[in-house]
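Values below: all heavy atoms of this structure, side chains included; hydrogens, waters and symmetry mates excluded. These numbers come from a predicted model, not from an experiment.
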Amino acid sequence: MFLPEFSQFSALATAITSVTSVLLLLAVSRQLWALRWSITRDRDNKLPLPNGSMGWPLIGETFHWLFQGSNFHVSRREKYGNVFKTHLLGQPLIRVTGAENIRKILLGEHSLVCTQWPQSARIILGPNTLVNSIGDLHKQKRKILLKVFSRAALETYIPRLQDVVRTEIAKWCSKPGSVNVFGAAKALTFRIAVRVLLGLSMGDADVEHLSKIFEELMNNLFSLPIDVSFSGLRKGIKAREKLHAFMEKIIAEKLQNQRCDGNDAFDYILSSAKENGHTLTVQELKEAAVELIFAAHSTTASASTSLILQLLKHPSVVEKARHELEAHGLRRDSSFSRPYLSLKKLNQLRYLDCIVKEVLRFLPPVSGGYRTALQTFELDGYQIPKGWSVMYSIRDTHETAAVYQSPEAFDPDRFGSGREESRIGRFNYVPFGGGVRSCIGRELAQIILKTLAIELLCTAEWRLATQTFPKMQTVPIVHPVNGLHVYFDFVNSGKTLPESQSECI
């Protein structure tokens, strides 16, 4: 009669033993994983490794990073300080915050560090693209692209850029319901990349098709470096192959009719390569085309969304900006009859420049840049071992820099001539990175943001379509978690937009 009770007790004991064994195995494996990386420290350097956690075997803290977003870095910075170690996307990583710390990294390019994007990004974009190239190859590619973003080239882009912006805003204002701004901004910046930079004359259907393929590439750019049929890496590679196949046909047609007369970025690439004694292969042109879209698309869409979000939140900023535009002859109307902009006109709009700078300080599109240590060096009292990955933090540096008064507040006037913050120092404000790898297209990005702001301020009215402003996710770029839904309409249309129930912050 006691056998059933004994059997139940035995089963319970077995279950407890099994669970205990699994937990013990996990604890031991985690300790061994941490030990595996601690022994890679440079024994000839007496400084310790930075504090931090290496997470779990193989996956490290990747899933924590993906799910927590910016909170991941904030929580660990608060716990471990401005320099801490972790393991993300298959690589041991040291995360760095603070102007002096990132100054050493950005000015140490080619001596202390060299560029290193996550392995998945290197595979998908290609090892010979500008972002992944090093040494003489990087210098050669950067030299070619300098002409693409020269003042003369930027001046030629503006009319077509303005046409694309106007066309997209007209779509937003004509839509009967609300617009998801982040999705609309991605469509806008993709069309800018395709039609203004690449100079490709394609119908809307082809642009939409190409956009979906590119979105698949971007969605899998930062994935675990595991190349199996169902992995994100494999999806990203397939998307790249489709893009290259599509581009090859377009490039062949363009080369056949190419006069290199500076109509678009592709023309400038070809003419600049020729001037520098370098003949670009079709493969190099395909990679350059995808990289141009990559450079002009997601980060600019993120910044455009952040710009509209801050205009929604701060009506006083909108009013002040409109006064400036009117003072410079940029009147408000929905006819798009205003003359085309110029670099001279854009440079005269000082407050608009402050708005764009503050958007990029407050919500920089990317959180930082990746490097690999070429030699062991010291940073903030710790050793950075040779071969380890280093990520310098843009967002955290902006948030913690002592030079900013109330850095948690959105305040374009901080960049006005009357404020001390307008002289912030070189490495307290780094939305485009710094050193020899600073973003080569930074001026174009700011022109896009200014053009978008001008056309919106002069052409449209807008209201938030939801009761509250969305939460912002920071991985892999800043974007609203569930979209930013907004009602747009032309100025003086006579229509009353639905009232937002949210409060301006």
Measure the spacing between CD of E78 and CG of N71 and express it to the nearest 0.5 Å.
9.0 Å
Check: P470 and L484 side chains under 4.5 Å, non-hydrogen atoms:
yes
Interatomic spacing from OG in S393 to CD1 in I105 - rounded to 0.5 Å:
10.5 Å
With side chain to side chain contact (heavy atoms under 4.5 Å, CB included) as the test, would you mind laying out the steps for E109 and C114 before giving the verdict?
CA-CA 5 Å; E109 189 72 38; C114 68; 4.2 Å; yes
Determine whether a donor-acceptor pair (N or O, by modelled atom type, separation under 3.5 Å) exists between the side chain of H314 and the backbone of Q310.
yes
Is L145 close to I269 at the side-chain level, that is, under 4.5 Å between some pair of heavy atoms?
yes
Donor-acceptor under 3.5 Å (Y404 side chain, N428 main chain)
yes
What is the minimum heavy-atom distance between K85 and P50, and which atoms define it?
NZ-O, 2.9 Å
Evaluate the side-chain proximity of P385 to I94: yes if any heavy-atom separation is below 4.5 Å, no if none is.
yes
State whether the number of non-hydrogen atoms from other residues, nucleotides or ligands found under 6.0 Å of N128 atom CG is greater than 12.
yes
From E358 atom CD to R414 atom CZ, the distance as rounded to the nearest 0.5 Å:
4.5 Å
Kindly compute the distance separating CG (L444) from CD1 (I192), expressed to the nearest 0.5 Å.
8.0 Å
State, to 0.1 Å, how close L449 and T300 come at their nearest heavy-atom pair, and which atoms those are.
CD2-O, 4.4 Å
Atom CD1 of I477 and atom CG of L363: how far apart are they, to the nearest 0.5 Å?
12.0 Å
Donor-acceptor under 3.5 Å (E455 side chain, L457 main chain):
no
If you draw a 6.0 Å radius around CZ in R350, do more than 12 non-hydrogen atoms from other residues or ligands fall strictly inside?
no
Are any of the side-chain heavy atoms of E61 and R76 separated by less than 4.5 Å?
yes
Would you indicate whether R41, at its atom CZ, is surrounded by more than 12 heavy atoms from other residues, nucleotides or ligands within a distance under 6.0 Å?
yes
H479 and K186, any side-chain heavy atoms less than 4.5 Å apart:
no
Sub-3.5 Å donor-acceptor pair from the side chain of S302 to the main-chain atoms of V478, do we have one?
yes
Any donor-acceptor N/O pair, R361 side chain to P407 backbone, under 3.5 Å:
yes
Just checking D136: does its CG atom have more than 12 heavy atoms from other residues, nucleotides or ligands closer to it than 6.0 angstrom?
no
Salt-bridge contact E216-K242 (side-chain N to carboxylate O under 4.0 Å):
no
Got H398 and Y429 here, is their nearest side-chain heavy-atom distance under 4.5 Å?
yes
Between H278 and A273 (side chain of the first, backbone of the second, donor and acceptor by atom type, cut-off under 3.5 Å), is there such a pair?
no
Run the side chain to side chain contact (heavy atoms under 4.5 Å, CB included) test on Q383 and K46 for me, step by step, so that the C-alpha distance in whole Å, both residues' side-chain angles and the decisive distance to 0.1 Å come before the verdict.
CA-CA 8 Å; Q383 67 160 279; K46 295 182 179 180; over 6 Å; no
Would you indicate whether I134, at its atom CD1, is surrounded by more than 12 heavy atoms from other residues, nucleotides or ligands within a distance under 6.0 Å?
no
Test the K104-F377 pair against the cation-pi criterion, namely NZ or CZ under 6.0 angstrom from the six-membered ring centroid and within 45° of the ring axis.
no
Would V359 and S306 count as a side chain to side chain contact (heavy atoms under 4.5 Å, CB included) here? Give the steps.
CA-CA 7 Å; V359 167; S306 297; 3.9 Å; yes
Closest contact, heavy atoms only, C354 versus G416
SG-N, 3.9 Å
Residue pair H138 / S133: nearest heavy atoms and the distance that separates them
CA-OG, 3.3 Å
Quick check for you: to the nearest 0.5 Å, what is the distance between R240 atom CZ and L217 atom CG?
8.5 Å
Closest non-hydrogen atom pair between R43 and S38, with its separation:
NH2-O, 4.4 Å
Keeping the roles fixed (side chain from Q446, backbone from V356), state whether a donor-acceptor pair exists under 3.5 Å.
no
Does the distance from a Lys or Arg side-chain N to an Asp or Glu carboxylate O, for K212 and E215, drop under 4.0 Å?
no
Consider only side-chain N and O atoms of R95 and T86, and report whether a donor and an acceptor are under 3.5 Å apart.
no
Mind telling me whether W37 and H87 have parallel, tilted or perpendicular rings, with 30° and 60° as the class edges?
tilted
Give the intermediate values and the outcome of side chain to side chain contact (heavy atoms under 4.5 Å, CB included) for residues I213 and F246.
CA-CA 10 Å; I213 298 173; F246 192 97; 5.6 Å; no
For the side-chain contact (heavy atoms from CB on, under 4.5 Å) test, which of L161, V164, L307 pairs with I448?
L161
What are the two closest non-hydrogen atoms of A296 and T189, and how far apart are they?
O-CB, 3.5 Å
Got more than 12 heavy atoms from elsewhere within 6.0 Å of NE2, H244?
yes
Looking only at atom types and distance, does a side-chain atom of S389 sit under 3.5 Å from a main-chain N or O of L93, one as donor and one as acceptor?
no
Heavy-atom side-chain proximity of L309 to M472 below 4.5 angstrom
yes
Just wondering, do L224 and L58 contact through their side chains at under 4.5 Å, heavy atoms?
no
Main-chain N/O of V486 paired with W462 side-chain donor or acceptor, under 3.5 Å
no
Around atom CD of E443, are there more than 12 heavy atoms of other residues, nucleotides or ligands at under 6.0 Å?
no
